[in-house]
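Labels below follow one simple rule: chain letters A, B, ... track the order of the sequence lines, proteins then strands, and each chain is numbered from 1.
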Amino acid sequence: MTLFCSLHDAVADNLKDGDTAAFEGFTHLIPHAAAHEAIRQGRKDLTLIRMTPDLIYDQMVGMGMVEKLIFSYVGNPGVGLLRRTRDAIENGWPRTIKIEEHSHAAMANAYEAGASGLPCAVFRGYLGAGLKDVNSNIRSLTCPFTGEELAAVPSIRPDVTFIHAHRADRKGNVLIEGIIGIQKEAVLAANRAVVTVEQIVDDLDTHANACVLPHWSLSAVCEVPGGAHPSYTHGIYDRDNAAYLEWDKISADHDSFLAWMKTNVLDASPEDLEARVSRLRKVK
Amino acid sequence: MTLFCSLHDAVADNLKDGDTAAFEGFTHLIPHAAAHEAIRQGRKDLTLIRMTPDLIYDQMVGMGMVEKLIFSYVGNPGVGLLRRTRDAIENGWPRTIKIEEHSHAAMANAYEAGASGLPCAVFRGYLGAGLKDVNSNIRSLTCPFTGEELAAVPSIRPDVTFIHAHRADRKGNVLIEGIIGIQKEAVLAANRAVVTVEQIVDDLDTHANACVLPHWSLSAVCEVPGGAHPSYTHGIYDRDNAAYLEWDKISADHDSFLAWMKTNVLDASPEDLEARVSRLRKVK
Amino acid sequence: MTSLDFTPDEMMTIAASRMLSNEDVCFVGIGAPSAACNVARLTHAPDITLIYESGTIGTTPDVLPLSIGDGELCETALTTVSVPEMFRYWLQGGRITIGFLGAAQLDKYGNINTTVIGDYHKPTTRLPGGGGAPEIASSSGEIYITMKQSVRGMVEKIDFYTSFGHGDGGDHRQRLGIKTKGPTLLITDLAIWRPNPETKEFVVTSLHPGVTRDDVQKTCGWSVRFADDLETTPNPTDQELQTLRALKERTAAAHSG
Amino acid sequence: MTSLDFTPDEMMTIAASRMLSNEDVCFVGIGAPSAACNVARLTHAPDITLIYESGTIGTTPDVLPLSIGDGELCETALTTVSVPEMFRYWLQGGRITIGFLGAAQLDKYGNINTTVIGDYHKPTTRLPGGGGAPEIASSSGEIYITMKQSVRGMVEKIDFYTSFGHGDGGDHRQRLGIKTKGPTLLITDLAIWRPNPETKEFVVTSLHPGVTRDDVQKTCGWSVRFADDLETTPNPTDQELQTLRALKERTAAAHSG
């Protein structure tokens with residue numbers, strides 16, 4: 001079984017310069033470890049897709065790895081703006097980036113359509129909204145029964161999706177619990193999928209209808225305890241809200257940003273994450 | 001809380017002559033008790049929707065209650081044909097019925113679209129299939145990005161949906177486990193929804209991502225132990241496969257059918273079902 | 001406790017909380033809407049259903065979430081569904097009675113901008129964007145908006161239509177084929193506003209205690225209309241204030257990490 | 001056990017089971033396909049992924065299900081998803097390598113009828129209909145078909161196109177925009193058939209032990225073509241036969257209920 005490998009190898013094998021990639025997670029289970037590995041490996045000219053680009057995309061944008069961002073909410077959730085991304089959009093630092101902006105409903109439907117093998121998603125959306133005028137990928141079609149005009153957006157089909165999850169069993173089947181977000185769709189919509197998990201176990205030991213990804217739908221599975229920090233893994237460790245508040249200061253200027261990236265990402269390793277979550281672990 | 005009521009009242013209040021109704025269940029959790037109550041109350045001119053019309057629709061068709069059947073597989077699963085329905089379609093006994101026939105994929109998508117408040121479902125289907133030529137509700141539309149022609153069917157929006165489920169809590173929130181089929185979509189697509197449950201409990205006591213219907217999405221909740229028999233309730237009692245095999249003989253002619261209906265439905269009550277499942281109950 | 005022992009911010013949250021009932025199924029935006037919804041739940045509307053776009057349905061958090069996806073929301077929810085399901089079955093499916101939104105920029109017809117200040121392609125300030133708001137605004141039964149008043153925030157013309165309110169007013173929603181009511185209520189730190197039934201322009205219907213018409217006009221970028229039967233918002237009760245303050249304290253303690 | 005101590009039906013199921021591998025993700029129809037898939041799993045392909053349209057993924061039943069939704073399928077599955085998810089993410093999403101179908105009527109191009117005998121609107125016999133088959137036939141990577149031979153079942157022209165195989169043959173699938181391979185294998189109680197690469201007409205490539213060309217032609221309604229290098233299907237092994245018979249015995253005991 002070659003599914004299991006180091007995070008280094010999983011990123012090296014599955015993420016190429018110029019790829020369209022999604023590192024998904026809806027506040028919960030954000031794949032920080034995988035994104036940091038991508039930063040260390042210096043990938044460039046990426047098109048990054050995400051409903052809620054937060055710290056990891058802010059970091060990748062700030063490191064100049066990103067050519068285009070496809071998103072629906074580019075904020076630091078509950079804190080405010082993403083300063084590195086804003087700097088790139090407003091001032092072109094460290095490089096100009098293209099953006100393709102949608103609503104959450106559009107992106108959720110577009111991932112769902114990607115997972116469903118469809119070329120586009122159809123929904124009732126963007127009524128009166130300004131994004132239609134600035135994004136040529138927002139189109140419409142007509143219901144052949146009622147004549148209602150519905151919105152259409154292209155389905156999302158990333159070259160590669162990275163997610164973080166709770167557990168994998170020894171065959172590589174993966175369990176996600178709690179706020180499952182768009183994780184399953186992001187994996188099934190992609191050509192390749194890499195999953196970091198908190199733990200590899202004998203038995204997933206879960207509910208019949210839990211969110212489980214079969215091993216044959218995945219490209220690589222890597223055990224990275226703490227791999228979501230400062231996001232969280234439900235029931236295992238809490239969200240590091242303080243780190244999200246701190247990011248607002250760290251990212252406020254170029255020097256403090258670059259210094260933080262050197263210490264905490266470039267000179268760090270996936271093994272460092274476990275220590276960062278120790279004080280956040282749930283007492284059982 | 002007026003959500004809880006007797007099955008008699010739930011059917012009387014929510015199913016009218018001429019209604020479009022879905023009694024859904026995908027082999028698992030078929031709402032036999034609710035259908036039998038509808039038969040006892042003598043509703044007529046119904047349009048019945050179901051992916052897999054099985055014994056209950058065969059019984060309702062045989063009792064002359066049905067004007068139209070919308071379906072995708074009209075068989076006795078694993079046994080063979082539905083003899084009463086076949087008799088109605090081939091010979092007009094006891095009355096002629098109209099049919100609108102789809103594939104499973106079309107109906108699953110149509111329920112999903114109904115639950116999503118959309119006028120139609122869009123999917124890749126019916127390629128080369130003959131149903132397109134005999135069902136004017138199978139149409140197409142064109143992806144505005146790729147030009148691919150996709151299939152479209154009207155969304156399913158029943159006046160009322162009946163389902164059977166495992167448990168309700170005391171607020172009327174309902175849990176479904178195991179083969180969840182199309183139950184959630186059938187409820188959310190309908191104007192009204194009636195759920196029979198095995199048991200009303202203090203706490204649903206389940207997984208964070210289990211299939212749960214909030215009480216405010218339902219019209220009535222009735223406690224009817226054994227209410228799925230001869231279908232089953234996963235983990236509580238097994239499918240009565242022998243009863244499905246027997247139905248093939250009972251339904252073979254008019255007299256044996258009518259005699260069975262009198263004894264087992266017309267002269268029976270919802271309370272009789274509990275006894276029928278006693279030997280099928282799982283030993284814990 | 002005297003009648004002015006509360007801040008305008010507290011008055012805003014409490015006034016908003018009073019508008020919610022046990023029967024409501026509320027799609028909750030983060031920030032002020034989240035505080036108002038949870039104060040309602042902890043006071044007069046214990047059975048209100050709160051839904052966050054992260055997929056958490058019927059959530060009853062003990063502290064306010066920092067993000068829309070904090071673990072607390074899932075732990076205390078009736079159930080948690082995927083994000084596509086949330087937007088398809090629950091929002092687009094028409095099951096939300098009230099969508100509760102904040103705004104960076106707002107006009108008098110309830111149109112909201114949270115996307116950019118300046119030109120979209122060369123923005124002066126790039127804001128976070130719409131997130132769930134464009135479809136919350138069109139698919140929820142009605143929309144409540146809450147924001148602090150300022151001339152920068154409440155403007156004659158917004159820079160970008162992130163979420164459509166009443167457009168140019170009147171029957172503009174219906175003309176676009178939108179079947180829901182749109183903004184029916186605006187609660188600021190100074191007043192309660194409701195749309196004129198015909199023009200759909202927001203009109204002040206109630207001033208918060210101690211607030212003058214002039215206070216409202218000075219912090220609003222459009223020429224304000226006041227209702228003929230202008231009311232005064234009742235003071236927060238002790239229970240309302242204590243509930244809000246305890247919630248904020250628990251929240252601050254939890255988020256300081 | 002002598003070489004002919006097995007029935008044609010057993011040979012059919014075992015020949016079909018041999019075509020499946022550990023890497024396959026198989027969408028399983030009820031009846032003969034279900035038996036073949038489970039014999040494969042219990043013999044040479046323990047890691048095969050079996051999927052039933054009821055939503056059960058990676059199921060490993062101890063007895064054959066009577067319906068596609070027996071509890072056994074869910075109890076032994078890796079996970080169970082909703083029916084819309086099954087048809088959207090797993091089938092239409094292109095994750096199925098083999099769709100395994102039975103047929104009431106079949107033509108030489110692998111087109112299947114399970115809908116009606118006679119005219120659709122005035123049928124002589126109303127059959128159950130397509131169920132999942134129309135989209136299994138178009139969305140699975142390739143299609144295996146298994147059925148018992150009969151002149152009523154294997155016909156020159158089917159009465160209704162429930163599931164499209166190769167249509168009129170040749171590149172008919174591609175002309176309809178279908179990107180999957182369609183029927184690549186037919187396993188009957190008498191022989192193994194594969195489509196001619198050009199015409200797509202089914203050609204007998206292997207006769208089961210003791211079966212003659214004449215046996216095949218007499219039970220088939222079209223003029224049968226045989227491969228130049230016609231083979232003989234290897235006899236069932238003891239392990240294959242014992243596995244199949246034990247499975248059938250457990251199943252009969254369970255369903256007599």
Among A:Asn137, A:Ile138, A:Asn135, whose side-chain contact (heavy atoms from CB on, under 4.5 Å) with A:Val153 holds?
->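 One option only clears the test, and that one is A:Ile138.
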Answer yes if the side chains of A:Trp247 and A:Asp58 hold a donor-acceptor pair under 3.5 Å, and no otherwise.
->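 A:Asp58 and A:Trp247 do have a side-chain donor-acceptor pair below 3.5 Å.
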At a heavy-atom separation under 4.5 Å, does [X] approach chain C through its side chain, its backbone, both, or neither?
X: A:Phe71; answer: side chain
X: A:Met107; answer: neither
X: A:Tyr232; answer: side chain
X: A:Ile99; answer: side chain
X: A:Arg124; answer: both

Flag the one option from [options] with the top tally of heavy-atom pairs under 4.5 Å to chain A.
options: C:Leu73, C:Thr124, C:Asn111, C:Thr79; result: C:Thr124
options: C:Leu91, C:Ile178, C:Thr162, C:Asp70; result: C:Asp70
options: C:Met86, C:Glu75, C:Lys122; result: C:Glu75
options: C:Gly165, C:Pro84, C:Gly131; result: C:Gly131
options: C:Gly132, C:Ser34, C:Ser138; result: C:Gly132
options: C:Ile136, C:Asn113, C:Thr80; result: C:Thr80

Between A:Glu90, A:Lys184, A:Glu112, the one whose heavy-atom pairs under 4.5 Å with chain C are most numerous |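 Top count of heavy-atom pairs under 4.5 Å with chain C: A:Glu90.
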Using a cut-off of under 4.5 Å on heavy-atom pairs, state which of A:Gly75, A:Gly80, A:Ala105 scores highest against chain C.
->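 Answer, by heavy-atom pair count under 4.5 Å with chain C: A:Ala105.
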What's the spacing between C:Ile158 CD1 and C:Leu106 CG if we round to 0.5 Å?
->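 With rounding to 0.5 Å, CD1 (C:Ile158) is 7.5 Å from CG (C:Leu106).
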Please check if the distance between the ring centroids of A:His229 and A:His164 is under 6.0 Å.
->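 Between A:His164 and A:His229, which both carry aromatic rings, the centre distance is not below 6.0 Å.
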Taking the six-membered ring for Trp, are the ring centroids of C:Tyr109 and C:His172 within less than 6.0 Å of each other?
->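 No, ring centres 6.0 Å or more apart.
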Side chain, backbone, both or neither: which part of [X] has a non-hydrogen atom closer than 4.5 Å to chain A?
X: C:Thr56; result: side chain
X: C:Glu85; result: neither
X: C:Ser82; result: both
X: C:Glu53; result: both
X: C:His121; result: side chain
X: C:Phe87; result: side chain
X: C:Leu127; result: both
X: C:Gln92; result: both
X: C:Val81; result: backbone
X: C:Thr114; result: neither
X: C:Pro134; result: side chain

Around C:Lys248, counting heavy atoms of other residues, nucleotides and ligands shown, do more than 12 lie under 6.0 Å from its NZ?
->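 No, not enclosed.
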Step through the shown structure and confirm whether more than 12 heavy atoms of other residues, nucleotides or ligands are within 6.0 Å of CD on C:Gln174.
->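 More than 12 within 6.0 Å, yes.
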Audit row: C:Met154, C:Leu186, side chain to side chain contact (heavy atoms under 4.5 Å, CB included) steps and yes/no | CA-CA 11 Å; C:Met154 296 171 76; C:Leu186 165 64; 4.1 Å; yes
Test side-chain contact (heavy atoms from CB on, under 4.5 Å) applied to C:Lys181 - qualifying residues, sequence neighbours left out |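 Partners of C:Lys181 by the side-chain contact (heavy atoms from CB on, under 4.5 Å) criterion, ordered by chain and then number, come out as C:Glu142, C:Thr184.
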Answer yes or no: is there a donor N or O on one side and an acceptor on the other, between the side chain of A:Thr96 and the main chain of A:Gly92, under 3.5 Å?
->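 Side chain of A:Thr96 to backbone of A:Gly92, a donor-acceptor pair under 3.5 Å: no, none is there.
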